[in-house]
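This report concerns only the one structure given below.
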Amino acid sequence: DAGVTQSPTHLIKTRGQQVTLRCSPKSGHDTVSWYQQALGQGPQFIFQYYEEEERQRGNFPDRFSGHQFPNYSSELNVNALLLGDSALYLCASSSLRASDSSTDTQYFGPGTRLTVL
Amino acid sequence: AQSVTQLDSHVSVSEGTPVLLRCNYSSSYSPSLFWYVQHPNKGLQLLLKYTSAATLVKGINGFEAEFKKSETSFHLTKPSAHMSDAAEYFCVVSESTDTGNQFYFGTGTSLTVIP
């Protein structure tokens, strides 16, 4: 049973460019959440997708956008990159349709390390 | 709104001695609480989860945590530290709504294990 996978593992971009990160959820999961983890900090919630819609959003600007596909995989897009966007981007999956108490348990992928020069 | 405070940014213990990582939370209702571990350059691994079934929760790798509502605490413990326990530990509170659930992370505690 594959866990959460993310691609690419590392990425280097320059200021002003755009980037797309990808995530495949754990088998059986229907919900994907994205987090930004700056160096030495805890992860910060960006947004959550369920049924191909953005359901919740954290305090991030509109430069951060996303998409969820019918197979539940997801993309995170960041436009007009800033130096401060350099971070580890984590994807987490969960199942809102689970019938037990596991609906709020999130499983994380290994992350994509984005460096903006 | 939910919030989590990890009381120690760094904890250092000797191998074979007990581990205590402290976490206090703020929640307007009965929360779901988690501990995750992050090894260097890795993603987050779930250690354990509290959901009101039992106040003492056992997790993987010998870790456990006790939920104390009166103290709004969820401290993580392990009787005997192993070198492989050296990592960053995050306490997390989950807020569930009709449209999904959101995780609020503490700032993390870095655990060093001295041989």
Side-chain angles (χ1 to χ4, degrees), chain A residues 3-7 9-10 23 25-26 29-60 66 68 87-98 100-113, chain B residues 1-10 21 23-25 27 29-54 57 59-60 67 87-111:
Chain A
V4 180
T5 60
Q6 293 185 243
S7 63
T9 54
H10 295 82
C23 172
K26 182 178 169 67
H29 284 182
D30 51 33
T31 303
V32 172
S33 303
W34 287 93
Y35 295 82
Q36 180 194 66
Q37 185 179 19
L39 200 61
Q41 304 292 321
Q44 299 292 315
F45 176 73
I46 303 175
F47 42 54
Q48 184 179 77
Y49 276 83
Y50 173 66
E51 292 188 332
E52 302 180 50
E53 290 187 8
E54 183 182 295
R55 296 293 178 140
Q56 296 199 44
R57 189 178 183 92
N59 188 26
F60 278 80
Q68 185 179 35
L88 180 68
Y89 288 84
L90 295 164
C91 169
S93 75
S94 55
S95 176
L96 279 180
R97 286 183 285 190
D100 57 13
S101 62
S102 67
T103 56
D104 60 353
T105 301
Q106 297 190 10
Y107 294 86
F108 287 80
T112 293
R113 173 73 63 187
Chain B
Q2 319 294 326
S3 70
V4 175
T5 302
Q6 292 185 243
L7 300 168
D8 307 291
S9 58
H10 293 91
L21 305 183
C23 172
N24 285 98
Y25 69 92
S27 173
Y29 55 92
S30 295
S32 289
L33 294 161
F34 304 79
W35 275 98
Y36 283 82
V37 61
Q38 186 176 35
H39 291 274
N41 300 313
K42 300 288 187 183
L44 292 151
Q45 180 184 18
L46 178 66
L47 275 178
L48 50 81
K49 170 187 176 182
Y50 166 77
T51 56
S52 77
V57 182
I60 62 171
F67 174 73
E88 189 83 14
Y89 291 80
F90 292 97
C91 182
V92 181
V93 63
S94 174
E95 177 184 59
S96 294
T97 68
D98 291 341
T99 56
N101 64 287
Q102 182 171 340
F103 271 17
Y104 295 87
F105 281 78
T107 51
T109 297
S110 176
L111 176 65

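Everything quoted here is computed from the prediction, not taken from an experiment. So that the names make sense, note that chain A is the first sequence line, chain B the second, and so on, each numbered from 1.
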_How long is the straight-line distance from CZ of F103(B) back to CD of Q44(A), given to the nearest 0.5 Å?_
14.0 Å

*Check P43(A) against L44(B) and note the closest heavy-atom contact, atom names and distance.*
CG-CD1, 3.9 Å

*Identify the two heavy atoms, one from L88(A) and one from K42(B), that lie closest to each other, and give their separation to 0.1 Å.*
CD2-O, 4.4 Å

*Who among Q41(A), Q6(A), Q37(A) has the most heavy-atom pairs with chain B under 4.5 Å?*
Q37(A)

*Looking at the rings of F105(B) and Y35(A), which for Trp means the six-membered one, are their centres under 6.0 Å apart?*
yes

*Do the two ring centres, one from Y36(B) and one from F108(A), sit under 6.0 Å apart?*
yes

*asked:* Would you say CG of L39(A) has more than 12 non-hydrogen atoms from neighbouring residues, nucleotides or ligands within 6.0 angstrom?
replied: no

*Proximal component of T107(B), with respect to chain A [non-hydrogen, under 4.5 Å]*: backbone

*Let me know if Q38(B) has heavy atoms under 4.5 Å from chain A in its side chain, its backbone, both or neither.*
side chain

